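Below: one structure, written as C-alpha cells.
Model, not experiment: these values are computed from the prediction. Quick note: numbers below take in every heavy atom, side chains included, and nothing from hydrogens, waters or symmetry partners.
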Amino acid sequence: MEPSAKTYSMDHHEPLLSTYGVKKTPLFTSSVKWILKFLMWVIFVSWVAFIFIYPTQFGNELFEKWIHATSGTLFGLSGSIFLLLSGPILLIAFLSIAHLIIAGDEGFKQKKDSRYPSVRLWTFPVLVDGPFGVVSAAEFIGILLFIVYIVWAIYAYTIQNISLISEWHLNFKLKSIWLIELTGLRLGMIGLFCLAFLFLPIARGSVLLRIIDIPFEHATRYHVWLGHLTMLLFTLHGLFYVVGWAMRGDLLYEIMEWKDVGFANLAGVISLLAGLFMWVTSLPGVRKWNFELFFYTHQLYVVFVLFLAFHVGDFVFSIAAGGIFLFMLDRFLRFCQSRRTVDVISAKCLPCGTVELVLSKPASNDSSSPVFHFLLIFCYSMHLIFHFYNADLRYNALSFIFLQIRELSWLQWHPFSVSSSPLDGKYHLTILIKVLGKWTEKLRGNVKNRSEAEVAELQDQPSQPHPKITACVEGPYGHEVPYHLMYENLILVAGGIGISPFLAILSDVLHRINEERACLPKNILVTWAIKKSSELPLLSTIDMESICPYFSDKLNLEVHIYVTRETYAQLEEGLVHKATNSSVITSSKGCGMSVLVGTGDNIWSGLYVIISSMGFVILLGLVDVYYINEYGIHSWWYKGLLFIACMVVSILVFGGCVVGLWHLWEMKMSALEENKDNGLKTREVKNNENVANKDLYGKNYASSTMIQYGSRPDFKEIFGSISKRWGHVDVGVIVCGPPNLGTSVAREIRSQNLRRESHDPVFHYHSHSFDL
C-alpha cells in the first residue's frame, strides 16, 4: 500500500483535542482561572507602562508621589521602590501559582475548531536568517518593544539632561563633562530595567515560564538577547563615566573610590569587569571554541550581582531585585534536587554510536483534583498526606533533563531530550546520547568498561553485586502544554540524534490511542535526515506494534529517511539495521530522581516561593527596624549587602524548611509506592532491554517507511505535497536538529503560509532544539 493511500479524509473535522473521557471544566473553576489571567495581564501591562513613562517628567512626578506616600512605611525607601518595581513580578508569580494549582492537568485540554485554521503569532516564523536565528511573530514584537523602549528612553533622558544643564551657569567644558556623566547615569538606569528581565528566562523551573508555556530551551534565547543588550548599556554607562573622569583629570581617584554615602565606584568597576568576562566568553565564536570556558566564566554572575548591590545600594538595587530573587529561588531548588544520586538502571551502547540510559524515577500518576490540593494545604495533617497523596513526576514527551555523571565529571551538566513517553513505564525514563565529544566518549567507555567488569565478576564471583552507574539529574523541564497532542496533523523533522524526542512523541501518541486517552493526531509524517545508515537502528528502540497493536488502522504514520552520505543501501551486507547491544548494565531497582524541580508538584513549589518571599519581607523589616534604624546605618554599599543577605537567608531558612518537608514527604511516598508496586521496576527494565533487539524492518515499518540514499530532504516538495493531500487544516511542524535544519524548515513554512490559498493548510513552526 502506498503511504498516500492511507491518508485520512479531511472533509470531517474534529475539535483540537478529542473530548473522549475528558471532563468539562466547571464554570467556577474556569471563571477563577479567567480572573487570575486578567489580573496578571493588568499587573504586567501596568508595570511595563510605568517603565515606559518613567523617563518622562510625568513618570518622575508619579514616582516621587509614590515615594512620598510610602516613605513612612516600615521598610523605608528601598521597600517603596521594591514594592513598585519588583513587587509586580512577585505578585504575578503568586497568581501564576494559584492558576497552575487550579488548572491541575487540564492545561492541554484546550479546544479549538480546526475547521478554521489560522496563523498564530507564536508559531509563525518572521525572521529566519540573521543574528537572532528563527524568530516568531510574537518574539519579533517583543524585540521591537525593547528597541522602542531603549530609543525612547535615551531620547527622553537626553532632552532632560540638556534642559537641566542649560540652567547651570558653567563653561562649555564643564557642561560637556556633566552631560557625559549624566548620560552615563541614565544608561545605567536603563540597564537596571533591562536587568529586571534578564534573570527571568533562566529560572529553569520558573512558574512565570510555565504560566506562559515557554520552556527553558526557548527562554535561553531571550536571556542571550537581553544579556547582550544589558551589557551593552552597562558598558556604555561605565565608558561615559570614564571619559568624564578623564576630562576632569581624576580618573584613577574616581575608579578607586568606595563611598559610604553615594555610589561605590570601585564596586561598580568590579561588577562591570565580571560582566564583561561573562559577555565576551558568551559570544558565539568563543562559546563554540571552548564551551567549558563559557560555562565556568558565567558563574561570575554571583560577583556581578553582589558588587552591583555594593555599587548602587539597596534602594536602587531593589529595581531589579524581583527577577534576581526568583532566579535565586530556582537555583537553590535545583541545587537541592541535584544533590540526589539517581541510579542508572540500564545502560546500553548501541552500534550506531549512541548510548541509551534508563534512569529511575518516581511513579507517573495522575494528579489530584484542585479542590483536594487546597484541602491538603489548609486542612491536612502530615499523616493524612503521607497516606492519601502520591508523589509523582509530571512531564510530557517533549521534555528534557540536565544530566551529571560524577564518574565522568563533578562539574559538567549536559541537557538531553527525553526519548520515552511518560506512559512507557511507571518507574523509568529513557534518554539517548549521541557520542560526539570528550564527555560522551568517556561515558561510552565507562559503560563498556563496567560491562566487561560485570561479565568477568559474574563468571568468577556470581554473588557479588553488579557495578552501577549513578547520575545527578535536574528537571525534567519542557512545555507545560504537550502541543504535539493538539494537532490532527503533525510533521516531525529530525536531524541525526534529533529523532530522540520524536520517539517519545510517537510512543506517547500510540499509548494514548491504545488506552483511549485524550489525543488528536491522526496523520504523522516523520522526516529524518541522517549522515550514515548506521544510525537507522535508533528507530528500533521503540516497538510500535507492542505499544498499540494494529496501530496502522488508527494512525496514518509515514517515515521518510534521508541518508545523506551514502548512495546505496547496505542492508544486503548485514552491516546495519540490527540494533543489538554492545554492552548492557542493569540494576533491578534504583534511587529515583527527585520531583523538586521541573513540571513537578504545584502545591509544594508554590509554598516554597510564597513562604520564601514572605520570609524575605519579614527579614527585611526586622533588619530595617532593629539594625539599620537602631544603629543609624547610612552606608549605601553596606545596606546593599544586607539586602542581598536577607534574600539569601530567606531562601535558605524559610525556603529550606519547605524543601526539607517536601523531601521527607517525597521519601515517604516513594517508600509507600515502592512497597505497593514491588517488582514492577524489574519488569519494566527487562521490557526496555527487549525493545532494543528489534529489527528495523519489522511489520511496524514495512508499509510506511521510505529510505532515500544520497539526497537531502526537499522541504519545498514535502510541504507542497502535504498541502495537496491534507487540505485546509492546521499542521504542527516540530523540528529537532542542527540550526541550519530549523532555518530551512522555518523559511519554507514562512513561504508556504505567505502564499497559501484558502484551501491550503496553515503550518505552525515549533523548535525543540537546545543550544546554550
Side-chain angles (χ1 to χ4, degrees), residues 2-11 13 16 114-129 133-137 398 483-484 486-496 498-499 501-502 505-506 509 520-530 555-564 704-708 710-769:
E2 294 295 326
S4 59
K6 296 169 59 181
T7 305
Y8 282 73
S9 171
M10 304 313 297
D11 296 333
H13 300 278
L16 189 61
S114 59
R115 289 175 296 179
Y116 305 102
S118 59
V119 173
R120 303 168 199 163
L121 294 179
W122 278 108
T123 60
F124 180 70
V126 175
L127 303 178
V128 296
D129 295 304
V134 178
V135 178
S136 68
L398 278 170
Y483 57 85
H484 62 283
M486 300 177 64
Y487 295 98
E488 288 184 1
N489 313 279
L490 280 175
I491 300 178
L492 310 178
V493 183
I499 195 66
F502 297 157
I505 288 179
L506 293 176
V509 169
L520 188 63
K522 291 186 175 68
N523 302 287
I524 299 180
L525 170 63
V526 179
T527 301
W528 186 25
I530 55 178
L555 176 69
N556 175 37
L557 172 64
E558 302 175 41
V559 181
H560 295 178
I561 304 174
Y562 297 83
V563 185
T564 60
S704 61
T705 300
M706 177 192 69
I707 302 180
Q708 294 187 19
S711 63
R712 299 179 181 273
D714 185 345
F715 293 113
K716 184 176 183 180
E717 179 183 347
I718 291 172
F719 286 105
S721 174
I722 289 298
S723 296
K724 296 177 181 178
R725 292 165 49 196
W726 290 356
H728 187 56
V729 294
D730 283 307
V731 179
V733 183
I734 308 176
V735 183
C736 185
N740 59 342
L741 179 68
T743 299
S744 301
V745 173
R747 184 184 297 110
E748 186 56 35
I749 287 177
R750 183 181 64 179
S751 176
Q752 291 283 343
N753 287 341
L754 288 177
R755 67 168 186 262
R756 66 179 292 269
E757 299 179 1
S758 59
H759 58 275
D760 291 333
V762 175
F763 295 98
H764 301 274
Y765 178 83
H766 300 274
S767 173
H768 190 66
S769 299

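Side-chain contact between Thr527 and Ile718: present, with at least one pair of heavy atoms (C-beta onward) separated by less than 4.5 Å. Counting only heavy atoms from C-beta outward, the side chains of Val526 and Ile499 approach each other to under 4.5 Å. By the 4.5 Å heavy-atom criterion applied to side chains, Leu525 and Leu490 are not counted as neighbours. Looking at heavy atoms from C-beta onward, Val762 lies out of side-chain contact with Val731 at the 4.5 angstrom threshold. Using a 4.5 Å heavy-atom cutoff, the side chains of Val729 and Pro761 are in contact.
Between the side chain of Thr564 and the backbone N or O of Ile530, at least one donor-acceptor pair lies under 3.5 Å. With hydrogens and angles disregarded, no donor-acceptor distance shorter than 3.5 Å links the side chain of Arg750 to the backbone of Pro125. The backbone N or O of Phe763 sits less than 3.5 Å from a side-chain atom of Asn753, completing a donor-acceptor pair.
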**OP:** Go through the steps to decide whether Ile561 and Thr705 satisfy the test side chain to side chain contact (heavy atoms under 4.5 Å, CB included), and finish with yes or no.
**Re:** CA-CA 8 Å; Ile561 304 174; Thr705 300; 4.0 Å; yes

Subject >> Trace of the side chain to side chain contact (heavy atoms under 4.5 Å, CB included) decision for Tyr562 with Met706 >> reply: CA-CA 9 Å; Tyr562 297 83; Met706 177 192 69; 4.3 Å; yes

**OP:** Carefully, step by step, assess His484 and Ile734 under the rule side chain to side chain contact (heavy atoms under 4.5 Å, CB included).
**Re:** CA-CA 8 Å; His484 62 283; Ile734 308 176; 4.0 Å; yes

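The line from CD of Glu558 to CD1 of Ile524 is 10.5 Å long, rounded to the nearest 0.5 Å. Leu557 CG to Asn523 CG: the interatomic distance, rounded to the nearest 0.5 Å, is 10.0 Å. We find the SG-CZ distance between Cys736 and Phe502 to be 5.5 Å, quoted to the nearest 0.5 Å. Atoms CG and CD1, from Asn489 and Ile722 in turn, are 8.0 Å apart once rounded to the nearest 0.5 Å.
Of all non-hydrogen atoms in Ser136 and Leu121, the two that sit nearest each other are CB-O, 3.5 Å. Considering every non-hydrogen atom in both Ala746 and Val128, the closest pair reads CB-CG1, 3.6 Å. Closest heavy-atom contact between Trp528 and Gly496: NE1-O, 2.8 Å. Closest approach of Val509 to Pro521, counting heavy atoms only: CG2-CG, 4.1 Å.
Classification of the Phe715-Phe719 ring pair by plane angle, with boundaries at 30° and 60°, yields tilted.
Residues that satisfy the ring pair (Phe, Tyr, Trp, His ring centres under 6.0 Å) test with Tyr483, not counting sequence neighbours, are His479, His766. Legend: residues meeting side chain to side chain contact (heavy atoms under 4.5 Å, CB included) with Ser721, ordered by chain and number and at least two apart, are Arg725. In this structure Leu127 satisfies the side chain to side chain contact (heavy atoms under 4.5 Å, CB included) test together with Val135, Phe140, sequence neighbours excluded. Scanning for ring pair (Phe, Tyr, Trp, His ring centres under 6.0 Å) contacts around Tyr765 gives an empty result, with sequence neighbours left out.
Applying the side chain to side chain donor-acceptor pair (under 3.5 Å) test to pairs two or more places apart or on separate chains, those with a residue in residues 737-749 are Asp129-Arg747, Glu748-Gln752. Sequence neighbours left out, the pairs with a member in residues 755-764 that pass side chain to side chain donor-acceptor pair (under 3.5 Å) are Thr123-His764, His728-Arg756, Asp730-His764, Ser751-Arg755.
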